[in-house]
Amino acid sequence: SAQFVPPYTEDCRTDMYPPNGPTFKGPVKWYTIDLDLPPSKRWTAVISDKKNDLVDMIQAIRDLADAFVPSGRLIELVDIALPLMVDTLPNPFREEIKGIAAVSGVPLGEVVLFNIFYEVFTV
Amino acid sequence: CTSVVAQDEKGKLLHGRNLDFGLFLGWDVKNKSWAISEKLKPLVVNLNFKRNNQTVFKSTNFAGYVGMLTGIKPHIFTLTMNERFSLDGGYIGILEWILGQRDGMWMSFLTRSVLENANSYDEAKSLLAQTKMLAPAYFILGGNQTGQGCIITRSRELSIDVLEIDVKLGRWYVLETNYDHWKEPFFLDDRRTPAMKCLNQTTQANISVKTLYDVLSTKPVLNKLTTYTTLMQVSEGTLESYIRDCPNPCMPW
């Protein structure tokens, strides 16, 4: 049947809700972002919780960059150039990004890259 | 990505989306999965943005990403964005930015500003349609009145097209994947046809959060890039998200 040859188009699914079974990998946790806090403090709770996962994901992007440019120059460029760019970004995003880098310990340039990835990825 | 705004027979608007990301960013042969997509799944969080202890808007985000890809202004509007590919792409916007021409907005900062500051569907629509951007995009916007659902196709400078829900024409939903709705999708990446087939099979009489989730769970609308599914009901002010997996056999995109 169509389900076993690309694009593996299935018959329309039914009774998948409430989410269950092999296509459901888990619920999503809620956090509050207090917009009354200074921008650099807003993401502290979220990033403290997700720090290891964020570091893990950034490392995967680094590994990818090193696969393209084994000399490591691409990451160097990110770590040197993008922090210069962060001060051109509008607030509150600029201060929020700096706060995320401070709490997570991820280099500022890499947090900037993560946040402008949509525009970068169009390359 | 796949985004849908649908209007049921009582005029209620539902908004659902699959966030697919990580294409070509490293394929894990052993696990038959995309490396970055798998790394993004643990980062998925639901956020309640509050001011004076009142909810301003809610969103589903990747932790560490301060812009918005999926959000609801409870009882006012719902918003998702899908990636649009164009030669006049984000890298040109970034070059202009570096060279000092900074009159455009970064896409996810625009969506964040709209969710934080716009106070009506029409206000959100005009901001999303008219603000100059660094990269092209599709904005999928749902309101709180019947007929308020649209796909805004954006180039960096202009709003190229706005497709609205129009029940009189039999268009009780608008659906966007990653291709201009007036063109055929790339034949190797046609998620539009199966999604439309399932929506039409569901019918307007039976569309609900439950059946919308069924559509977003049908391969290849669900694929190896799908990190999360979000369902939003503007009238209830609810947003619910679920982290996804696509068991083999499953399309890589």
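In what follows, every chain begins at residue 1, and chains take the letters A, B, ... in the order their sequences are listed.
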B/L99, CG atom: more than 12 neighbouring heavy atoms under 6.0 Å: yes
Nearest non-hydrogen partners of B/D214 and A/M16, listed with the distance: OD1-N, 2.8 Å
Any side-chain heavy-atom pair of A/Y17 and B/Y242 under 4.5 Å: yes
Residue, of B/S113, B/C198, B/P194, that accumulates the most heavy atom pairs under 4.5 Å with chain A: B/C198
Which atoms of B/L239 approach chain A - backbone, side chain, both or neither, heavy atom under 4.5 Å: both
Most contacts with chain B, counted as non-hydrogen pairs under 4.5 angstrom, among A/I100, A/T14, A/L37, A/D34: A/T14
N-O pairing of A/E119 and B/R156 below 4.0 Å: no
B/F109 and A/F93 aromatic ring geometry - parallel, tilted or perpendicular at 30°/60° bounds: parallel
From B/L43 atom CG to A/I47 atom CD1, the distance as rounded to the nearest 0.5 Å: 8.0 Å
B/K197: side chain to side chain donor-acceptor pair (under 3.5 Å) partners, not counting sequence neighbours: none
Validation row: A/R13, B/L222 side chains within 4.5 angstrom (heavy atoms): no
Chain B interface, residue from A/G21, A/P18, A/G99, A/P22 that has the most non-hydrogen pairs under 4.5 Å: A/P22
NZ (B/K132) with more than 12 external heavy atoms under 6.0 Å: yes
Side chains of B/P247 and A/T23 in contact at under 4.5 Å (non-hydrogen atoms): yes
Close aromatic pair by centroid cut-off 6.0 Å: A/F114 and B/F62: no
Residue part contacting chain B, namely of A/K29, when any heavy atom lies under 4.5 Å: backbone
Side-chain (A/D36) to main-chain (B/N52) donor-acceptor, under 3.5 angstrom: yes
Proximal component of A/I61, with respect to chain B [non-hydrogen, under 4.5 Å]: both
Heavy-atom side-chain contact between A/F117 and B/I36 under 4.5 Å: no
Over all atoms of both residues, closest heavy-atom pair of A/W30 and B/K58: CH2-CD, 3.6 Å
Chain A contact via B/A195 - side chain, backbone, both or neither, heavy atoms under 4.5 Å: neither
A/K25 atom NZ, neighbour heavy-atom count above 12 within 6.0 Å: yes
Residue pair A/P19 / B/Y213: nearest heavy atoms and the distance that separates them: CB-OH, 3.3 Å
Which portion of B/L69 sits near chain A, non-hydrogen atoms under 4.5 angstrom: neither
Interchain contact, B/R244 with chain A, by part (heavy-atom threshold 4.5 Å): both
Contacting moiety of A/D15, where chain B heavy atoms sit under 4.5 Å: both
For chain B, the option from A/I33, A/D49, A/I116, A/V111 that forms the most heavy-atom pairs under 4.5 Å: A/I33
Ring center gap for B/F21 and A/F121 short of 6.0 angstrom: yes
Side chain, backbone, both or neither of B/W253 within contact of chain A (heavy atoms, under 4.5 Å): neither
Heavy-atom proximity to chain B below 4.5 Å, by part of A/L54: both
Nearest atoms (heavy-atom pairs only) where A/V46 meets B/A63: CG1-CB, 3.8 Å
Portion of A/P27 that has a non-hydrogen atom of chain B nearer than 4.5 angstrom: backbone
Interface residues of residues 69-89 of chain A facing chain B - non-hydrogen atoms under 4.5 Å apart: A/M85, A/T88, A/L89
Residue part contacting chain A, namely of B/Q201, when any heavy atom lies under 4.5 Å: side chain
Carboxylate-amine/guanidinium proximity below 4.0 Å for A/D53 and B/K39: no
Over all atoms of both residues, closest heavy-atom pair of B/S108 and A/N115: OG-O, 4.0 Å
Between CG on residue B/N48 and OH on residue A/Y31, distance to nearest 0.5 Å: 13.5 Å
Heavy-atom contact with chain A under 4.5 Å, split by part of B/V56: side chain
Leading residue by heavy atom contact count with chain A [cutoff under 4.5 Å; candidates B/K41, B/R191, B/E116]: B/E116
Considering all heavy atoms, the nearest B/R112-A/W43 contact: NH1-CZ2, 4.2 Å
